2 protein chains.
Amino acid sequence: MIRCTECALRRTGAFKPLDEEDILYIDAMKRAHLALPAGAEIIVPGAENTELYTLYSGWAYRYKELPDGRRQILHFLLPGDLIGLQAAMSEVPLYGVIALTPVSICVLPRKRIWNLFGTMPELAFDVTWLGAREESHVDENLTTVGRRAAAERIAALLVGLYRRLLGLGLVSEGNSFALPLTQQHIADALGLSLVHTNKTMARLRRLGFYSQSDGMVTLPNPHALESLSQFDALDDRLRPLI
Amino acid sequence: MIRCTECALRRTGAFKPLDEEDILYIDAMKRAHLALPAGAEIIVPGAENTELYTLYSGWAYRYKELPDGRRQILHFLLPGDLIGLQAAMSEVPLYGVIALTPVSICVLPRKRIWNLFGTMPELAFDVTWLGAREESHVDENLTTVGRRAAAERIAALLVGLYRRLLGLGLVSEGNSFALPLTQQHIADALGLSLVHTNKTMARLRRLGFYSQSDGMVTLPNPHALESLSQFDALDDRLRPLI
DNA sequence: CGCGGCCTTGAAGTGATTCAACTTGGGTGG
DNA sequence: CCACCCAAGTTGAATCACTTCAAGGCCGCG
């Protein structure tokens, strides 16, 4: 099990530095470090006693499903994101979380979250902060789905992921990054049909907005995508990591 | 100014009972009690130093706007809801909040929120809980906009509001309640055009799913609307009130 | 009386969905 | 080792839900 004192994520510089004391507290709170394969269900809708997790590496997504099977992806999760805060607060999660790639996650038993509030107010504040930030992401996604046209939606998705990955050091030379999403995932996140997603993406590629090969996406001109999508970026100041 | 010890909202029975001590703490934290007219901007996008509020009476909505003017309503706010938690956590709000009716709100200076975390862990937990609950509402709205057809969206909106108002004691005999929304608000919340919203609502009325007169909406059969919309209700256990 | 906000309705246009078929590539089992 | 299979991507065609444009009605208010 990886100790929080040796957390590779912290060393990316994307996160707010913490006192040694705080890190040790988080380390004590951490119960396990799990590795799960792609497709694993990290949070199951309706399941009781869900734990809180921090995504350490890999991608995941949070989704809701209607009784008749229609699915909406609410949010993509990247390293450093909390998983299951809502579920840990209320009794039962109304959503699910599934790993998109092989992931590794830190397990923070929900009961200890309560202790955190009692003894480490600054860390408790950070948890709330992360929850608020996640809500901002959902806000932006709702705006995308509600008010942007198909091409703008895809542009907004690509730019949003690009910016988040940039902060994590996961974008390489020439603005390219690994994108482990199928077109079905993209369609489900953007409220589009699979076919229309495919055709719209093909058009954006033809127009040179992005290119794709071998699971990697390249954005030759992120600014062009950004203005196409009218994307509203979150401030990228340092954020806490629990 | 209304003292928290005499809070009429608490007496509705919709909220988690608190110790006298906690109520006095909140009362001390409260800086003012404002009355604002319909249309007032409670949170202005991009404004610095926004405070945290609790909506005491009336309706409001939270929204985002694209640079070109398209608007998405993210969430409707009803009495007891926190206003501006996200804004209070990060520096600058990425969204706005506007009063739909005349409202009265309790002002909780953001600096004192930090004290709350230091001295009143249980209340701090409640704040986080309320933030998580709000995110659940946005999740549901995203699912509505992304994956439901127009008639389903309207049904989901009506049922969602109905259930929330029911808990607050704001639904009267025969399942009717005041709905201070124009069709433009509904269109902006559901990601539809005004014209299509109008036609779809007319159809639902013709089919007897709801009726409207004098600013009041009546749901003769909430269950029918609920199954039309496949609405995913939040648990309606007691929630905290700060 | 006239104006503006809100609701309503018809008609035309289009962006997105649905249906259907075919390609490609990696993985598996005979 | 090849045949087959299945998941994922692609493409064309028909249809439909929703948007846009346009016009008119109702009502409260200055």
Side-chain angles (χ1 to χ4, degrees), chain A residues 37-39 59 61 66 68-73 98-101 144-158 178-207 210-217 228-229, chain B residues 37-39 61 66 68-73 98-101 144-157 178-207 210-217 228-229:
Chain A
W59 290 47
Y61 64 91
L66 298 184
D68 68 7
R70 285 176 281 179
R71 183 178 71 157
Q72 176 67 41
I73 291 180
I98 291 184
L100 270 167
T101 65
T144 293
V145 171
R147 285 293 175 231
R148 285 189 244 250
E152 297 169 337
R153 294 187 206 187
I154 287 164
L157 178 68
L158 289 175
L179 186 78
L181 307 178
T182 66
Q183 293 184 347
Q184 184 67 65
H185 291 123
I186 295 175
D188 285 346
L190 300 180
L192 296 170
S193 70
L194 175 60
V195 172
H196 196 57
T197 300
N198 178 291
K199 288 177 179 169
T200 307
M201 290 181 74
R203 185 155 51 87
L204 286 180
R205 263 180 271 129
R206 233 178 299 119
L207 295 172
Y210 80 100
S211 62
Q212 201 168 12
S213 79
D214 223 14
M216 300 291 288
V217 157
L228 170 63
S229 67
Chain B
Y61 64 92
L66 297 184
D68 68 6
R70 284 176 280 179
R71 183 176 72 158
Q72 176 66 41
I73 291 181
I98 291 185
L100 271 167
T101 65
T144 293
V145 171
R147 285 294 176 229
R148 286 190 244 248
E152 296 169 338
R153 295 186 205 186
I154 288 164
L157 177 67
L179 187 77
L181 307 178
T182 66
Q183 292 184 348
Q184 185 67 64
H185 291 123
I186 295 175
D188 285 346
L190 299 180
L192 296 170
S193 70
L194 175 61
V195 173
H196 196 58
T197 301
N198 178 290
K199 288 176 180 170
T200 307
M201 289 180 75
R203 184 156 51 86
L204 286 181
R205 263 180 271 129
R206 232 178 299 118
L207 294 173
Y210 80 100
S211 61
Q212 201 167 13
S213 80
D214 223 12
M216 300 291 288
V217 157
L228 170 62
S229 67

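Residue numbering restarts at 1 for every chain, and letters A, B, ... go by the order of the sequence lines. On a predicted model such as this, the values are computed, not experimentally measured, just so you know.
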### Query
Measuring from B/Arg206:CZ to B/Ser211:OG, what's the distance to the nearest 0.5 Å?
14.5 Å

### Query
Hey, what do you get for CD1 (B/Ile98) to CD1 (B/Ile73), rounding to the nearest 0.5 Å?
8.5 Å

### Query
Within the pair A/Gln183 and D/dA7, is there a side-chain N or O less than 4.0 Å away from OP1 or OP2?
no

### Query
Counting N and O atoms only, with roles assigned by atom type, does the side chain of A/Thr101 sit under 3.5 Å from a partner on the main chain of A/Trp59, one being a donor and the other an acceptor?
yes

### Message
Each nucleotide in nucleotides 17-30 of chain D should get exactly one letter: B, S or -. Can you fill that in based on protein heavy atoms under 4.0 Å?
### Response
-BBBB---------

#### Entry: Integer-rounded Å distance: D/dG9 C1' and A/Gln212 CD
10 Å

### Interatomic distance, A/Met201 CE vs D/dT10 C1' [rounded to whole Å]
12 Å

### Validation row: A/Met201, A/Leu204 side chains within 4.5 angstrom (heavy atoms)
no

### Task
Send over the distance from A/Asp214 CG to D/dA8 P, rounded to a whole Å.
17 Å

### Task
With rounding to the nearest 0.5 Å, note down the distance linking CZ in A/Arg71 to CG in A/Asp188.
4.0 Å

### Helical bend (five base pairs per end, nearest 10°) for the helix from C/dC1-D/dG30 to C/dG30-D/dC1
30°

### Query
Closer than 4.0 Å, any side-chain N/O of A/Arg206 to the OP1 or OP2 of D/dT10?
no

### N/O donor-acceptor pair under 3.5 Å between B/Arg153 side chain and B/Leu190 backbone
yes

### Task
Verify the contact: side-chain N or O of B/Asn198 to OP1 or OP2 of C/dT8, cut-off strictly under 4.0 Å; return yes or no.
yes

### Query
Distance-only, no hydrogens or angles: does the A/Arg205 side chain make a donor-acceptor pair with backbone N or O of A/Gln212 under 3.5 Å?
no

## Note on the structure
In whole angstroms, the gap separating P of D/dA7 from CG of A/Leu100 amounts to 17 Å

### Summary
So CG of A/Leu194 and NZ of A/Lys199: to nearest 0.5 Å the spacing works out to 10.5 Å

